[in-house]
Amino acid sequence: MARASEDVQVHLRPDIIRDIGGVTRLDRDQFVTIHEGPDSSDMTPEDHRLLREELDVRYGRNGGVLSWQAKQVPADPADADMPRVDAIQVMKAAKPKSGRSEVTSRWNADVRQTVLCTHPELMHGIPGNDHTSWGPRNFEGVAEFTAQFLRSCYTEASRPRYLEVFNEPFVKAEKIGTTIDALSEQHNVVARRVRELCPDVLIGGYSAAWVELEVNNFGHFESRQKRFMDIAGAEMDFWSYHIYDGVNVTGTERNRTGSNAEAIMDLIDSYSHQRFGVAKPILITEFGKIPSESMNPAPYSARRSAEMLYGLMGQLVMFMDHPDRLAKVIPFILGKAEWTYASDTEPGAANVFLLWRRAPNGDYVKTDLFLFYEFLRDLGGEWRAAHSSNPDVRVQLLADGNRLLLLLTNLDETQHRVVVSGLDGIEPKRVIGRFLHTDGGEPVLGERVLPQLPSKLRLRPGASAMVIVELDEPITPRGTVREQRVYASECLQDIRAKRPARFTFPDAPSGRGHATVRVSTGRPPGLHKRPTLVLLNGEALEVPDNWAGDSQAGRKNYFGTIEVPAPAELVRPGSVVEVVYPDGGGKVASVVLRLDYEESGGP
């Protein structure tokens with residue numbers, strides 16, 4: 001949220017490992033992905049080589065193979081509502097064109113990391129469905145086909161690790177002629193059969209299209225996300241949803257980037273922990289910015305590209321704070337996606353989410369979305385400790401062999417001057433600066449050698465900077481900060497004027513370091529967004545007046561997370577957090593303790 005201009009203090013601790021819930025290294029399979037599979041036939045072998053080898057992009061999601069292959073399977077002669085199993089068992093998934101062992105090995109690994117999903121319009125088991133000769137007209141038919149296909153068409157080395165039972169089913173329920181309960185129950189039936197035949201596959205859902213959880217005083221959460229978790233949650237290995245700036249399907253114009261994205265995750269985590277005793281992993285299988293053109297073909301616009309890159313980078317750098325919670329995040333970026341063109345698409349117009357657009361002469365040309373992957377090129381390594389004094393300036397620090405990588409992103413709509421400290425005594429061989437600007441009429445990516453380690457940087461609105469420090473030898477760690485989340489026994493507490501909403505933490509461990517109380521609140525317009533008082537075990541904490549992202553002005557409701565620093569020594573088993581507002585209305589959706597406890601010594 002924009003505030004009066006002041007220097008942002010970014011303090012780096014390159015010799016301290018950052019252990020985030022047990023994760024210490026950035027995994028590009030987790031964070032640098034594309035919404036395509038390695039078997040995408042729209043792209044040429046050279047296209048795949050460019051993405052996979054030069055830019056080190058990892059494949060993310062395949063939404064078509066299950067429904068397409070299901071159509072090739074005849075009905076069982078003994079049961080017209082079931083697929084013929086022996087026909088599935090002889091089917092084969094796509095294979096790499098080259099027979100070289102190293103190509104096959106990488107292909108298997110790429111397919112293994114892909115999320116499979118399917119379309120509810122085609123694959124919901126419902127009377128009258130004629131997508132295939134066997135329907136599907138019941139849940140058991142879908143479950144049998146899915147499980148047999150996963151077992152027969154892949155090896156243990158190549159079988160996709162993740163299965164989303166559907167893509168965005170609930171927003172399509174009325175059109176299909178079904179209910180949220182029925183769609184949720186199909187998740188159960190599919191999960192049980194897949195787990196019997198392919199226990200290595202993780203199953204989840206419900207791939208929510210519209211995560212405006214706070215609508216109707218969290219009635220949306222109650223009737224959709226919570227309803228799904230209550231019906232199907234015991235069978236799910238992960239939760240999944242889609243999160244966009246702009247408007248996805250329905251709802252109000254908004255930016256999710258910032259405090260809203262954090263609040264959505266914390267509420268789902270908190271209810272998962274309350275209901276099942278564990279905050280199950282989350283997959284964000286689509287994210288980015290939906291411009292006004294949405295999925296419709298449109299002429300090229302550099303300004304639109306810049307706005308989309310603003311959202312993509314802002315969300316990604318925030319997701320990187322949660323590698324223990326977000327098992328995989330996939331931007332909605334497509335390759336060539338020839339299926340997005342209709343026979344009447346005007347020459348030069350194209351879907352706005354493509355890496356390659358079809359030009360009026362029929363040739364394919366690169367789009368500005370390539371800048372997303374070009375900026376992220378070479379990013380990797382071990383997380384090291386870093387802190388920003390402003391939640392709108394996000395910071396990530398990584399040590400990768402003889403390199404130190406500093407990643408900064410400005411979520412704000414105002415420029416910030418960043419003062420960098422903590423690099424004293426480091427003598428670099430070379431320093432490279434890479435900058436992505438998205439606040440003008442077109443996105444601009446630049447790279448240059450810097451004369452020295454930067455002590456000050458100016459970040460324009462929406463800008464990202466990567467400082468690559470080349471060293472003679474790696475920086476030896478001398479300690480570790482271990483980050484963990486502790487969830488309350490309660491969530492969704494009503495806000496009553498001047499009365500505390502209480503959250504209890506029976507298992508909060510004590511330790512040395514820092515603590516943060518993450519307060520996520522949903523409130524109607526006109527009410528206070530910032531609590532007047534947050535107490536941890538009876539001690540009043542200083543509540544910041546700034547939070548990540550914009551102020552959410554103009555939305556029907558505010559829903560966001562405010563991070564309140566707390567002395568670590570206040571935390572103990574049985575801790576209690578109380579949140580007080582001066583006015584009534586809305587709910588404190590969740591309170592989560594983040595504990596950053598320090599340990600001396602190397603790994």
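Along the sequence shown, residues are numbered consecutively beginning with 1.
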Thinking salt bridges, do [X] and [Y] make one under a 4.0 Å N-O criterion?
X	Y	value
Asp596	Arg594	yes
Asp266	Arg485	yes
Arg227	Glu222	no
Lys328	Asp29	no
Lys587	Glu214	no
Arg518	Glu262	yes
Asp494	Arg499	no

Phe276 ring centre to Lys280 NZ or CZ under 6.0 Å, with the angle to the axis within 45°?
-> yes

Does Arg496 make a cation-pi contact with Tyr581 (under 6.0 Å, within 45 degrees of the axis)?
-> no

Starting at OG1 of Thr132, measure out to CD of Gln69 and round the result to the nearest 0.5 Å.
-> 13.0 Å

What distance do Leu66 atom CG and Lys71 atom NZ have between them, rounded to the nearest 0.5 Å?
->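 It comes to 15.0 Å.
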
Over all atoms of both residues, closest heavy-atom pair of Phe505 and Val591 | CZ-O, 3.5 Å

Applying side chain to side chain contact (heavy atoms under 4.5 Å, CB included), name anything that partners [X], two or more places apart in sequence or on another chain.
X	value
Ala157	Asn108, Thr155
Val32	Arg28, Tyr373, Leu376
Ala279	Asp269, Arg325, Tyr487
Val23	Pro323, Asp324, Trp383

Applying ring-ring contact (aromatic ring centres under 6.0 Å, His included), which residue pairs with at least one partner in residues 59-87 are found, sequence neighbours left out?
->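 Listed by first then second residue: His48-Tyr59.
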
side-chain hydrogen bond (donor to acceptor under 3.5 Å, both in side chains) partners for Asp81, two or more places apart =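 Here the qualifying residues are Arg137.
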
Do Ser207 and His242 have a side chain donor and acceptor closer than 3.5 Å?
-> yes

Step-by-step ring-ring contact (aromatic ring centres under 6.0 Å, His included) determination, His35 to Phe353 | CA-CA 10 Å; His35 197 278; Phe353 297 97; 9.8 Å; no

More than 12 heavy atoms of other residues, nucleotides or ligands under 6.0 Å from NE2 of His528: is that the case?
->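 Incorrect, the count does not exceed 12.
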
Test of ring centre spacing under 6.0 Å for Tyr206 and Tyr241 = no

